[in-house]
Amino acid sequence: MSASARLRQLGVALPEVVAPLASYVPAVRTGSLVYTAGQLPMEAGKLAGTGKVGAEVSPEEGKAMARICALNALAAVDSVVGIDAVTRVIKVVGFVASAPGFNGQPGVVNGASDLLAEVFGEQGAHARSAVGVSELPLDAPVEVELVVEVG
């Protein structure tokens, strides 16, 4: 089943590509790979939430926002090659703005990984880093970037 058909089956629509906050583009293709810029949990032009996971943001809220980030990253990929050109998700990097002592970054970034598995099945299995950071742009709780292979 194509990624676009799977998204429809899941009742999920790709959002509009989020406009860059600075001097970069949302995604770049080189050869058979597409790299996305880090994507924030933007919905309808604003952040879905702000603050640190483990303080103002619960791990469950952070996980939901990581899913939004992944959708935004897929929209960036779609704008470059079309979502159905993706043959494999290679790598996910998730950054989690973390309160002191919070060490549940892997569970938060699962929001992105789980979505990719839902959309791409076995081809959505990927290598991943889940990194705790002190601050993210606009006080976002989470940021996700992808590397995907395309046909």
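The structure presented is a predicted model; accordingly, all values stated were derived computationally and were not measured.
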Write down the atom of [X], the atom of [Y], and the distance for their closest heavy-atom approach.
X      : Y      : value
Pro15  : Ala75  : O-CB, 3.3 Å
Ala140 : Leu40  : CB-CD2, 3.7 Å
Ala66  : Ala112 : O-CB, 3.7 Å
Thr87  : Gly151 : CG2-N, 3.6 Å
Gly49  : Pro141 : O-CD, 3.2 Å
Ala97  : Gly51  : CB-O, 4.2 Å

So how far is it from [X] [atom1] to [Y] [atom2], rounded to the nearest 0.5 Å?
X      : Y      : atom1 : atom2 : result
Ile83  : Ser4   : CD1   : OG    : 8.5 Å
Ser129 : Glu145 : OG    : CD    : 9.0 Å
Glu60  : Lys63  : CD    : NZ    : 8.5 Å
Glu143 : Leu138 : CD    : CG    : 9.5 Å
Arg128 : Ile90  : CZ    : CD1   : 16.0 Å

Can you tell me if [X] uses its side chain to pair, donor with acceptor, with the backbone of [Y] under 3.5 Å?
X      : Y      : answer
Ser32  : Glu149 : no
Arg88  : His126 : no
Arg29  : Gly31  : yes
Arg67  : Asp114 : no
Ser98  : Val96  : yes
Thr36  : Leu146 : yes
Glu135 : Val133 : no
Glu56  : Lys52  : yes

Same cluster or not: [X] versus [Y], using hydrophobic residues (I, L, V, M, F, W, Y) connected whenever any side-chain heavy atoms lie under 4.5 Å apart?
X      : Y      : answer
Val150 : Phe120 : yes
Phe102 : Met65  : yes
Leu71  : Val119 : yes
Val148 : Val12  : yes
Val53  : Phe95  : no

- Item | Any Gln39 side-chain heavy atom under 4.5 Å of Val17 side chain |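 Side-chain contact under 4.5 Å: no.
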
- Task: Please lay out, stage by stage, how Met42 and Leu47 fare under the test side chain to side chain contact (heavy atoms under 4.5 Å, CB included).
- Result: CA-CA 4 Å; Met42 302 290 281; Leu47 282 174; 3.5 Å; yes

- Message: Can you tell me if Tyr35 has over 12 outside heavy atoms packed within less than 6.0 Å of its OH?
- Response: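 Check fails, neighbour count at 12 or below.
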
- Start with the C-alpha distance between Val92 and Val144, add both sets of side-chain angles, then the distance that settles side chain to side chain contact (heavy atoms under 4.5 Å, CB included), and finish with yes or no. CA-CA 7 Å; Val92 173; Val144 171; 4.0 Å; yes

